[in-house]
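All heavy atoms count here, side chains included; hydrogens, waters and symmetry mates do not. Predicted model only: the values in this text are computed from it and were never measured.
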Amino acid sequence: GPNGVSGLTNAMLRLFENDAFSCNDDFQQSEELDQLKDYIEFQFGTTHKLRALLSHGIGFHHGDLPQEIRREMEEGIQGNVFNILICTTTLAEGVNLPIRTLVMHTIRRFNGQIMEPIKLRNIKNIVGRVGRAGKEARGRVIFVNSDEQGVAESVFRDERMEPAKGALFNLIRNIDKRIRELNIQLSNDLFERQNTEFLSILDRIDMALIDLLPGGMDLNDFEDHLGDMLESTLALRYCDTDELRATMEEVFRLRSQHIQESIDIARWPALKSSGASPRYFNYLEGLELVDFGLWTDLEDVLDEHWLEGVVLKVKKYPLLDLEDIEDDLLLQVIRLWLSGHTYFEISTDLEIEFDDALEVVCSSIGYKLQESMSKVIQLAINSHGENISEHALNWSSLLQYGLGTLQQLDLFERGATDRLAVWGIQRYLEVNNVQHRRNRLLSFLRNNSEAVRLHLEQDARVPMLSFNRICEELSLS
């Protein structure tokens with residue numbers, strides 16, 4: 001929308017086009033900025049708005065950007081590579097930055113359905129980052145909308161601050177409110193008929209109960225330890241009425257009962273070690289995925305039988321919320337991502353909108369599918385032990401980082417973080433038929449650092465920013 005990063009970026013670019021922007025006159029171009037622009041251009045394409053904005057000494061940052069791009073934005077503003085950053089609360093709430101002036105364009109944000117005010121405690125946290133010691137001695141906060149002045153004054157006076165009571169307490173409070181409004185009785189049957197959003201929260205309660213059960217205890221010990229598990233939660237301490245406490249106790253009792261009834265006692269150790277919710281665990285058990293033959297034989301991360309026999313079946317889990325993505329599109333994106341393509345190349349090759357490609361790679365594949373696959377892999381480890389293929393064992397990590405080989409993953413596990421540079425090193429290893437792994441691989445690269453550096457410098461798919469980062473991270477000097 002117009003109040004988000006995209007809308008503000010468009011407005012800023014229009015000001016530059018009309019020669020109507022003058023507050024960044026003191027900004028100086030630099031070699032570091034040129035390298036950053038080249039990097040963004042390679043990842044996002046020549047026409048992307050972030051590339052255009054950086055030419056004026058301005059960056060942007062929001063939670064939907066890939067992690068490596070967010071990192072470059074954070075390091076860029078910290079290193080004064082550029083000096084203006086358009087961002088959401090994602091950045092301002094989580095990273096210490098050298099902020100001199102903070103402009104609060106609005107204190108409202110979209111929650112997925114409507115625009116709603118940011119909580120006062122979050123606003124306080126944001127404005128408190130301005131002028132922090134060791135960064136800037138002083139700072140200023142500008143609230144653009146005059147009708148939000150009262151909220152700003154409440155923040156600075158430390159008035160009306162909402163207590164942070166956590167998601168579990170909020171869920172219990174909402175359940176308690178609804179059962180009293182509708183005069184209904186809680187039951188697992190009632191819980192299981194709710195929408196997917198509620199079921200996802202319910203699964204987190206189930207997983208919390210499993211985690212709270214003391215180590216070594218089996219499925220039959222739930223009821224004996226239920227009281228202790230309740231007392232160990234912060235949410236129970238916030239239940240300030242007997243009714244709220246009773247509701248929370250009943251929710252815990254019902255979910256403990258549900259877990260006991262839905263899980264075969266012989267499979268309890270496998271559930272605990274998998275990190276999966278009982279719902280997802282039973283879904284996977286029903287598909288018999290861990291019996292798939294390639295768990296012990298997989299040698300190619302893009303094996304078609306693996307993609308169709310395991311990955312697509314995981315993708316169909318209802319609570320994963322990937323049903324809107326066609327199977328063929330998902331597999332095409334995975335193939336390109338695990339072959340070293342950039343976000344721009346994936347968008348272009350598949351003829352889909354850039355933002356759609358970004359969402360599929362970063363959210364659908366890099367988060368939802370990756371996390372779900374990691375739990376399947378843990379179940380396969382329980383079943384196959386040391387016989388599991390190394391490619392299958394590490395498939396979710398390769399998916400997360402966009403890597404195609406175990407050598408590449410070896411480098412990531414030893415400090416590398418730049419995907420483009422690691423793909424460049426992979427090309428060097430293939431040209432020279434180098435098969436080393438793990439620490440021996442790293443030693444080889446360091447012993448041959450001059451040749452490796454020369455290869456990377458001549459590799460058109462390794463931007464200079466990536467080159468500098470990988471040389472520092474792997475000590476290729």
*Asks:* What are the two closest heavy atoms between R255 and L209, and how far apart are they?
*Replies:* CB-CD1, 3.7 Å

*Asks:* Start with the C-alpha gap between Y39 and Q43, add the side-chain angles, then the distance that decides, and say whether side chain to side chain donor-acceptor pair (under 3.5 Å) holds.
*Replies:* CA-CA 6 Å; Y39 177 81; Q43 291 272 39; 3.2 Å; yes

*Asks:* Please determine whether a side-chain nitrogen of the Lys or Arg among E326 and K315 lies less than 4.0 Å from a carboxylate oxygen of the Asp or Glu.
*Replies:* no

*Asks:* Scan L271, I263, I205 and name whichever one has a side chain to side chain contact (heavy atoms under 4.5 Å, CB included) with I210.
*Replies:* L271

*Asks:* With I470 as reference, evaluate V422, L465, L411 under the side chain to side chain contact (heavy atoms under 4.5 Å, CB included) test and give the passing residue.
*Replies:* V422

*Asks:* Go through the structure and list residues passing side-chain hydrogen bond (donor to acceptor under 3.5 Å, both in side chains) with K119, not counting sequence neighbours.
*Replies:* none

*Asks:* Check whether the ring centres of W337 and Y401 lie less than 6.0 Å apart, and answer yes or no.
*Replies:* no

*Asks:* Starting from the C-alpha separation in whole Å, work towards a yes-or-no answer on side chain to side chain donor-acceptor pair (under 3.5 Å) for N170 and K165.
*Replies:* CA-CA 7 Å; N170 291 331; K165 295 185 176 179; over 6 Å; no

*Asks:* What verdict does the side chain to side chain donor-acceptor pair (under 3.5 Å) test give for S277 and D206, after you've listed the backbone C-alpha separation in whole Å, the side-chain angles of each residue and the deciding distance to 0.1 Å?
*Replies:* CA-CA 7 Å; S277 68; D206 293 350; over 6 Å; no

*Asks:* Measuring only between side-chain heavy atoms, which start at C-beta, is H225 closer than 4.5 Å to L213?
*Replies:* yes

*Asks:* Let's go through R51 and S55 carefully: what are the C-alpha distance in whole Å and the side-chain angles of both, what is the deciding distance for side chain to side chain donor-acceptor pair (under 3.5 Å) to 0.1 Å, and is it a yes or a no?
*Replies:* CA-CA 7 Å; R51 170 66 174 80; S55 298; 3.1 Å; yes

*Asks:* So which heavy atom on A357 is nearest to which on I346, and how close?
*Replies:* CB-CG2, 4.3 Å

*Asks:* Any side-chain heavy-atom pair from H258 and F191 closer than 4.5 angstrom?
*Replies:* no

*Asks:* Evaluate the criterion salt bridge (Lys or Arg N to Asp or Glu O under 4.0 Å) for residue pair K37 and E31; output intermediate values, then yes/no.
*Replies:* CA-CA 10 Å; K37 289 188 293 185; E31 181 181 353; over 6 Å; no

*Asks:* Any salt bridge between E75 and R469, counting N to O under 4.0 Å?
*Replies:* yes

*Asks:* Only distances under 3.5 Å count here; give the side-chain donor-acceptor pairs of residues 347-355 to other protein atoms, sequence neighbours excluded, each with its distance to 0.1 Å.
*Replies:*
from : atom 1 : to   : atom 2 : distance (Å)
S347 : OG     : I352 : O      : 2.7
S347 : OG     : F354 : N      : 3.4
T348 : OG1    : F344 : O      : 2.9

*Asks:* Indicate yes or no: does K316 engage D327 in a salt bridge with an N to O separation below 4.0 Å.
*Replies:* yes

